[in-house]
Amino acid sequence: MKILIFDHSEALAKQSAALVQACVAQKPNAVLGFATGSTPVETYQQLIKLHQAGQLDFSKVTTFNLDEYYGLPADNDQSYSYFMRVNLFDHINIPAGSTNLLSGIAPDPKAECERYDQLIESHGGIDLQIVGIGKNGHIAFNEPSDEFLMHSHLVNLTENTIQANSRFFESPDQVPTQALTMGSGQIFKARQILMLATGEGKAQAIHDTLHGPVTPRCPSSILQLHPDTVILLDRAAASMLD
Ligand code: F6R
């Protein structure tokens with residue numbers, strides 16, 4: 001793993017956007033994996049700037065998002081589908097049919113997960129995947145558990161995650177209790193992974209990701225085994241590293 005530490009989140013975002021730009025420059029029809037949450041928002045703003053400056057063309061790109069709340073339709077303003085439109089897709093030249101998310105209202109979640117995994121495979125897999133990290137070490141919604149799951153699946157969110165995500169809702173009881181998520185194995189198959197983390201609240205999880213045992217109790221620790229992962233941190237998130 002390559003670790004990059006930045007003084008400011010803006011510098012971090014510029015670097016992660018530059019890595020995405022390099023991937024698309026090398027392969028105009030790249031398959032990009034995106035995350036939601038607070039951390040990647042500045043990166044998306046930088047991608048929009050690069051696009052507006054004529055330096056990044058998304059017209060042949062395909063995207064897959066990591067996860068979606070189960071129970072929320074795509075037009076709900078708390079859905080990750082909505083988040084991606086507002087924070088990125090509405091501001092770049094990606095064709096509407098080239099952005100993919102798990103459907104939060106699929107009647108058969110298992111069939112929806114199979115559809116999604118097959119779609120990723122049919123596009124030749126993910127070239128570059130952006131991931132954030134939960135305070136408990138989750139990646140996408142792969143919560144600490146007894147095994148690394150390969151495929152997309154329905155997951156019950158932990159109390160920890162519901163509390164953390166309640167900042168986006170009026171109250172914790174409005175946070176969906178389930179989500180559809182890519183498996184950690186599916187994420188691991190991406191050819192390049194960019195993990196972004198900012199703030200002191202992520203310092204322990206980043207320490208455990210890099211220096212703890214590889215264990216599904218800390219799902220992000222699987223990245224220790226990945227051949228091309230770049231971890232981009234601000235000083236606060238890096239504060240527990242030696
Ligand atoms: C979101 C996702 C989550 C977040 C993580 C960190 O698509 O997969 O794993 O990356 O919960 O969220 P923030 O960035 O809001 O701290």
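Start at 1 with the first residue, then count along the sequence. Start at 1 and go down the list; that is how both ligands and their atoms are numbered.
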Exercise for the section: Using a strict cut-off of 4.0 Å, indicate which atoms of ligand 1 neighbour a heavy atom of G37. Expected result: 14 (O), 15 (O)
Practice task
With heavy atoms under 4.0 Å as the rule, classify the contact between D67 and ligand 1 as side chain, backbone, both or neither.
Solution key: side chain
Exercise for the section: Could you please spell out the steps behind the salt bridge (charged side-chain N to carboxylate O under 4.0 Å, His left out) verdict for R85 and D90? Expected result: CA-CA 5 Å; R85 287 198 301 279; D90 283 352; 5.1 Å; no
Fill in the blank from the handout: When distances are taken from atom 1 (C) of ligand 1, the protein heavy atom at minimum range is T36 OG1, 3.1 Å
Problem - I139 side, atom CD1; I187 side, atom CD1 - distance, nearest 0.5 Å - result: 4.0 Å
Handout entry: G132: numbered ligand 1 atoms lying under 4.0 Å from its heavy atoms
Key = 10 (O)
Handout entry: Location of contacts on I133 toward ligand 1, heavy atoms closer than 4.0 Å
Key = backbone
Exercise for the section: Decide yes or no on side-chain contact (heavy atoms from CB on, under 4.5 Å) for N165 and R167, but give the supporting numbers first. Expected result: CA-CA 5 Å; N165 288 6; R167 68 191 193 277; 4.3 Å; yes
Exercise for the section: Identify, by atom number and element, the atoms of ligand 1 in contact range of T39, meaning under 4.0 Å from any of its heavy atoms. Expected result: 13 (P), 14 (O), 16 (O)
Problem - Closest non-hydrogen atom pair between P172 and S166, with its separation - result: CA-CB, 3.7 Å
Problem - Side-chain donor-acceptor contact under 3.5 Å, S9 with T198 - result: no
Practice task
Could you tell me the residue and atom name of the protein heavy atom closest to atom 9 (O) of ligand 1, and the distance to it rounded to 0.1 Å?
Solution key: A140 O, 2.8 Å
Exercise for the section: Examine distances only and state if a side-chain atom of D127 and a backbone atom of A30 form a donor-acceptor pair shorter than 3.5 Å. Expected result: no
Handout entry: Between E159 and Q163, a side-chain donor and acceptor under 3.5 Å
Key = yes
Exercise for the section: Could you find the nearest protein heavy atom to atom 11 (O) of ligand 1 and give me its residue, atom name and distance? Expected result: H138 NE2, 2.7 Å
Fill in the blank from the handout: Nearest non-hydrogen protein atom to atom 16 (O) of ligand 1, with distance, is K202 NZ, 2.6 Å
Exercise for the section: Give a yes or no answer on whether the side chain of Q178 reaches the backbone of G71 with a donor-acceptor pair at less than 3.5 Å. Expected result: no
Exercise for the section: Heavy-atom contacts with L66 under 4.0 Å: which atoms of ligand 1 show up? List them by number with element. Expected result: 8 (O)
Exercise for the section: With heavy atoms of R167 as the reference, note each atom of ligand 1 found under 4.0 Å away. Expected result: 13 (P), 15 (O), 16 (O)
